[in-house]
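Report on the structure given below.
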Amino acid sequence: MISARYNPKDVEERWYDEWESKGYFKSNPDDREAFSIVIPPPNVTGVLHMGHMLNNTIQDILIRKARQEGKNACWVPGTDHASIATEAKVVKMLREKGIKKSDLSREEFLNYAWQWKEEYGGIILKQLRKLGASCDWDRTAFTMDEVRSKAVYKAFVDLYRKNKLYRGNRMVNWDPEAKTVLSNEEVIFGLEQSKLYHVRYQIVGTEAYVTIATTRPETIPGDTAIAVHPDDERYAWLKGKKAIVPIINREIPIIFDDYVDREFGTGALKVTPAHDVNDHEIGKRHQLEIIDIFNPDGTMSDDATVYLGEDRFVVRKKFSKDLEEAGHIVNIEDYQNNVGRSERTNAVVEPRLSLQWYVDMGTLSDPALKAVMDDVVEFFPKSQKNIYRHWMENIKDWCISRQLWWGHRIPAWYFEDQVFVAETAKEAFKLAQKTFPTIQKEQLIQDEDVLDTWFSSWLWPISVFDGFEDKEVLNYYYPTSVLVTGWDIIFLWVARMVMAGYEWTGTFPFEKVYFTGMVRDKQRRKMSKQLGNSPDALQLIADYGADGVRFGMMSCSPAGGDLLFDEKLVEQGRNFCNKMWNALRLLKSWETENENPQSDKDRLAGQWMMSMIASTQEELVRDYKDFRLSEGLMKLYNLIWNEYCSWYLEMIKPQFGEKIHENTYQEAIDAFSQLCSILHPFMPFITEEIWHLLKDRSAGEDCIISTLKIEKQDNNDVQKYINTAKDIITSVREIRQKQAIKMKDELQLYILKTEGVDKLIALNGWEDIVKKLAILDDIIISDDLNINGISFISGTEKCMIQIHQELDIEGELISLQKDLDYQQGFVDSVTKKLSNERFVQNAKPEIVEKEQAKLADGQERIKILTEEIQRLQAQLKG
RNA sequence: GAGAUAUUAGCUCAGUUGGUUUAGAGCACUACCUUGACAGGGUAGGGGUCACUGGUUCGAGUCCAGUAUGUCUCACCA
């Protein structure tokens, strides 16, 4: 006996192992068409969260679909090394052991890091298996493994030689916590509550003051000028004067620059060229001194002369208090401003002047922009194209060096004032020898920094196939078919991959990009650790089954739209599994016979079911093409739950204790098998399990590779006729409920004889279906429906249910009148349209025909309703 | 500040070149239904002047303009 509830735990692990051991996930180039996806590599330190589940479920659906279609499906998994995040984790782990990073050599630190990576890294890849991800695990890549590292060095050197990569001294985004520079894309700006301090500076040689406004009083020790607008008459008298930096007592010039906004604050601006991007520009224009008052960790440096070694935010408080006591604070107001924080550490980013490596993006962007604008690389949803274009057209150079140890060490070596860039130290030395014939190996010093993690990720679609070395494999799988990722990394990753693609392969890296939405909670808040609103992904799988979770995620995630996660969704998925499971139990409980011929009813039901499957399948083709996966899934949900379980199985279900005809049984099994096939990409485990329990399968006859054959249907009339049957059945059931007639009581249905009704009755089995599901003992076709009963209209057919209790004629009249009013309104609107000459002239003929049909139908219903009302009124009087 | 995008049932969303019987689905809700697949269920039902104002058109949820509100991207004034 099969359990009354579906138990995903038993099933899922068993099938995953089976698929893997049969090698279904593996892919090697062959004659078939390739369908390839590269995974957006999760952080090697990461654990599975809701975003990963959504993203990877989608990829798995697409890959499984392609596999079923007979394509050579290849999904390449892997992880990235996440410089900042991983290094932070390792540092923390060492600190807990009592080891300081500063006490270790680079080599020692990296040993610890690799050890840590081997032990804890890549857990997420194991977790993806629980979700059902059918990746080709043999191809698992890591951005720092040998193949991927070689690609990184090759790319760096190549760009350098092509003059598309340079080293420059500029203002950068500094993360004082990670003590590294960040690219613009790694800084997240957000409005924060702060204070605007109005501080007065004394003018040298006078008792006069000038007041500036600043949010960062702690930077005052780094001031090297006060700037005002040249046309600002309020400050014209300051020409040639100097001001005294409060507390610090250093004299600084007053300068005139039209960058200054006269409307803001007091119209006077303190200039700190070392710690503000705009101030730095002003400083350059006026040849101002640059005083760097911060250490790399955000504490005050010796040049600050005050509060040495204390943190910038502590100093903000202390220094503003000093200013206040010294009488320099004019006032302090509450203020909201945009604060940039590090994406990885959340530390407030400190603008800082520093020497870094940059990629000259202007030289890479043109083909990448064009590809997306021309839909050579197609974006879903389309709206992302604008965002992409805007970024590409205003592209800034990419700062790729990071002051960390975990990552690809920059392949640049220095001697005296010369730089030698090469893929290996050996080659760099050879290069150096050409300029310095007597140079010794130890004299050549490699750059201390590593490269931005994204500098390896942007090569991912090429490097996972070892594409810099092996063109044959690359040419088979590349360009990949589709990239599935979040829109939050469109610049960090997607745009750069397109650029890298054109730079090194001459073509785009993927044909389509499907941007998933963010997973949020019911209240539309982002899922975050701080809020604690993110469910434990693995626990969800344990509680609801991977199929249930996949259903929950997919049923409600429109392309590009946010997924508002609610546990109700996965519950629905679990219930759906249970529904299918119980349909299986029902089938398995039937005994078959083939002594009698198959009934017309069952044959018709089977035809109808197959036709429904075929037309749903046709619709799904488009849903897949447009990535409307949630709609596709909901169609299948409806097809299985409503059409197959609620209608079809009820049609063919034998009476208690009776047997089912062998043919009918086989049809039911075949239909269910097909449903499993179609649903498999979405819910792989339960479909494979049911597929095998439905009937004995030969070796290798598995749902995961079952092909979907769409049989073009030519009997669409069957659907139409069954729809009428369903409509009549529903109406009868409704009358039953309203009249409180028991389900067991058999009723008689009268239908007014018309041509349409004759056709229905002529369809063998149609009548039996209606009788069975509406629980009727007879259907009577008659010219005269003057009986004691309740009428209803199906389409344009008048039907009546005979009742044996007294009819509430007045109640009936009210409801008939309501219906009549509705129909009258409907007919009026159609009539209005049709009596408009311009409509009849301008509209397409088939539209006009349709309107005429609408009118005729409406008029027919009005006729029926009017007659019925008259009949009842006559009864009431009589 | 510039640009994009959205606003349809209590909630989340469909509505694909303007005409598919005066708007559909899932969830939620209401009523009824307990022994033969399933209460993680069945049957039926209620619920929307398609944000607002104009315009184009024979015809607008669908196209255009404006308003309001929300979201996002980029750039920022210290």
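Computed from heavy atoms alone, side chains included, the values below leave out hydrogens, waters and symmetry copies. We name chains A, B, ... by the order of the sequence lines, and we start the count at 1 in each one. This is a predicted model, so every value here is computed, not measured.
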Residue-phosphate contact under 4.0 Å: [X] side-chain N/O, [N] OP1/OP2:
| X | N | result |
| --- | --- | --- |
| N575(A) | G41(B) | yes |
| K635(A) | A25(B) | no |
| K833(A) | C58(B) | no |
| S646(A) | U43(B) | yes |
| R574(A) | G40(B) | no |
| Y637(A) | C27(B) | yes |
| Y388(A) | U73(B) | no |
| R628(A) | G15(B) | yes |

Nearest-Å distance once atom [atom1] is located in both [N] and [M]:
| N | M | atom1 | answer |
| --- | --- | --- | --- |
| G10(B) | G48(B) | C1' | 11 Å |
| G70(B) | U12(B) | P | 16 Å |
| C50(B) | C11(B) | P | 16 Å |
| G46(B) | U30(B) | P | 16 Å |
| U8(B) | U62(B) | C1' | 12 Å |
| A75(B) | U22(B) | C1' | 48 Å |
| U16(B) | U20(B) | C1' | 13 Å |
| A9(B) | G47(B) | C1' | 6 Å |

At under 4.0 Å between heavy atoms, what does T730(A) touch on the DNA or RNA strands: base, sugar-phosphate, or nothing?
sugar-phosphate
For K854(A) and E851(A): C-alpha separation, side-chain torsions, deciding distance, then whether salt bridge (Lys or Arg N to Asp or Glu O under 4.0 Å) applies.
CA-CA 5 Å; K854(A) 274 158 76 170; E851(A) 291 299 319; 3.0 Å; yes
So, does the side chain of R524(A) form a donor-acceptor pair with the base of U71(B) at under 3.5 Å?
no
